[in-house]
Each structure stands twice: as C-alpha cells, then as structure tokens.
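Since the structure comes first, as structure tokens, the remarks are kept for the end.
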Amino acid sequence: MRRLPPVELVPFTEDLLPAVQVWFYDAEVQRWLGGPDWPAREFDHGREGFGEEFRGRLVLRSHSWVALDGRGVPVAHIGGEVYDRWCRYRETPAGPVVDRIEPGPSLGFAYVVDPGQRLRGYGTSTVLAMIGAAEVADVVVFAAGIEPDNTASVRCVAAAGFRAQDSEPDWEGIVHHVWRRERTSATSNQRNQRPA
C-alpha cells in the first residue's frame with residue numbers, strides 16, 4: 001500500500017464554507033452528494049434532530065470537519081451524526097423494519113475530496129483521521145452509505161479497512177460500508193459517560 005498523505009482535521013466552520021462549497025460545482029460531487037447548497041445546510045440545521053429517532057437510531061450529536069493538507073490547505077470535508085446504536089433499516093409495504101441491532105454509539109458519515117486532489121489518498125487519510133479523532137473516541141461503529149457505482153468512494157473506504165455490510169444495496173440503493181472499533185473497557189466507560 002502506498003504512503004498516505006498526512007491531514008489535520010479542523011472543525012468545519014462558516015469561514016471554511018467557501019473553500020468547501022466550490023467543490024460541489026463538480027459534476028461527480030453533484031452526482032453523489034448534491035449541489036453547492038449541500039455543505040451550507042450543516043449551518044442551517046444546527047442542533048436540529050438531536051434526541052430524535054432516525055431510521056431506528058437515536059440521534060445523539062453531530063460532527064463535521066475539514067481536512068487540511070501539510071500546507072494548511074483544505075483538501076476534504078467529512079462529517080455525520082452519532083447515534084445510540086447501529087442497525088439495518090428497511091422500508092417495506094408493511095412499514096419500516098429495524099433489525100441487526102448492535103450497541104453503539106455509531107457514526108453515519110459522508111465525505112468529499114477536493115476534485116483537484118482526487119486519487120492522491122486524501123479521502124482515505126481523512127476517513128482514518130476521523131476514526132482517530134478525540135470527539136468520536138466513544139464511537140464503536142462507523143458507517144458510510146455509498147452507491148455501488150461510486151467505485152472511487154468504495155475503494156477509498158476499503159483502503160481504510162471498511163467492509164460492505166451487505167452485498168446488495170438497501171431499499172434506497174445504498175450499500176453501507178462499516179468499520180468497527182474493538183470494544184474495550186475504556187470504550188464502555190466512555191460510552192457510559194457521554195453527554196446527555
């Protein structure tokens with residue numbers, strides 16, 4: 001495996017929005033994530049949804065970062081919501097079905113790499129930096145929902161140690177790629193001490 005470029009995660013703030021938002025004019029980024037309003041929505045929603053259920057999981061908090069390269073230039077954006085557990089959620093004609101429940105916390109996340117920096121390892125470096133971030137030290141399940149045709153993203157998370165949870169896409173056409181942290185007594189203690 002080639003050596004990955006180092007990145008530093010910093011909180012995604014409104015002053016970093018212009019640097020990230022321009023990436024969303026790229027056709028590939030729009031295909032998988034949406035247009036330039038996508039990153040700005042993080043600031044519009046604030047703490048909206050915390051304490052509510054989302055697809056069988058309780059939303060505890062959210063995190064969002066920008067990855068900076070060795071010169072301090074933004075190269076990627078990553079973030080998502082932390083939930084009380086991980087599970088499979090399906091819509092059926094009879095209603096929602098929740099199964100394969102496992103203890104959390106879990107983090108469902110999305111990420112984007114500066115289109116001018118693709119194929120240099122910044123996506124994988126950013127995912128690995130997120131897993132190692134102190135803010136998510138209590139998280140034991142990390143999950144990225146990826147459309148099967150997004151082969152670059154699938155390769156990126158696979159290089160970070162993620163594996164497809166199911167071989168077939170779910171009811172939305174998404175395959176969840178999951179990485180699990182080894183549970184230790186420290187992880188259990190952190191989980192029990194998380195903020196209410």
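What you are looking at is a predicted structure, and each value in this text was computed from that prediction instead of being measured.
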If you define the side chain from C-beta out and look only at heavy atoms, does anything of Ile131 sit under 4.5 Å from Phe162?
yes

Quick one: do Val73 and Val7 end up in the same hydrophobic cluster if we chain Ile, Leu, Val, Met, Phe, Trp and Tyr together by side-chain heavy atoms under 4.5 Å apart?
no

Can you name the nearest heavy-atom pair linking Pro39 to Val20, along with the distance?
CB-CG1, 4.1 Å

Ignoring hydrogens, what is the shortest heavy-atom contact between Phe24 and Gly34? Give both atom names and the distance.
CD2-O, 3.3 Å

Minimum heavy-atom distance Gln30-Pro36, with the two atoms named:
NE2-CD, 4.2 Å

Is Arg181 reaching over with its side chain to a backbone N or O of Phe142, donor-acceptor style, under 3.5 angstrom?
no

Asp84 side chain reached by Arg57 side chain, heavy atoms, under 4.5 Å
yes

Of all heavy-atom pairs linking Gly161 and Trp179, the shortest is O-CD1, 3.5 Å

So do the side chains of Leu16 and Val10 get within less than 4.5 Å of each other, counting heavy atoms only?
yes

Nearest heavy atoms of Pro18 and Glu14, plus distance in Å:
CD-O, 3.6 Å

Please answer whether the main-chain N or O of Val75 pairs with a side-chain N or O of Asp69 as donor and acceptor at a distance below 3.5 Å.
no

Do any N or O atoms from the side chain of Ser125 and from the backbone of Leu4 form a donor-acceptor pair under 3.5 angstrom?
no

Atom CZ of Phe12 and atom NE2 of His63: how far apart are they, to the nearest 0.5 Å?
15.5 Å

Measure the shortest side-chain to side-chain distance between Trp86 and Val140 over non-hydrogen atoms and say whether it is less than 4.5 angstrom.
no

Report yes if some heavy atom in the side chain of Pro169 is under 4.5 Å from a heavy atom in the side chain of Ile174; otherwise report no.
no

Heavy-atom donor-acceptor pair, Asp170 side chain to Glu172 backbone, under 3.5 Å:
yes

Is Arg61 salt-bridged to Glu135, cutoff N-O under 4.0 Å?
no

Sorted by chain and residue number, the side chain to side chain contact (heavy atoms under 4.5 Å, CB included) partners of Ala19 (sequence neighbours excluded) come out as Pro74

Does Thr124 reach the main-chain N or O of Ala160 with its side chain, forming a donor-acceptor pair under 3.5 Å?
no

Do Val113 and Trp23 come within less than 4.5 Å of each other through their side chains, counting heavy atoms only?
no

Do the non-hydrogen side-chain atoms of Val154 and Pro148 ever get within less than 4.5 Å of each other?
no

Measure from the side-chain N and O atoms of Tyr111 to the backbone N and O of Ser153, and report whether any donor-acceptor pair falls under 3.5 Å.
yes

Under a 4.5 Å cut-off applied to non-hydrogen side-chain atoms, are Val127 and Phe109 in contact?
yes

Assess whether salt bridge (Lys or Arg N to Asp or Glu O under 4.0 Å) is satisfied between Glu28 and Arg118, documenting all intermediate values.
CA-CA 11 Å; Glu28 280 295 300; Arg118 288 184 183 136; 6.0 Å; no

How long is the straight-line distance from CZ of Arg88 back to CZ of Arg100, given to the nearest 0.5 Å?
3.5 Å

Heavy atoms only: give me the nearest Thr126-Ala67 pair and the separation to one decimal.
OG1-CB, 3.3 Å

With ILVMFWY side chains joined below 4.5 Å, transitively, what does Val98's cluster contain besides itself?
Tyr89, Ile101, Trp171

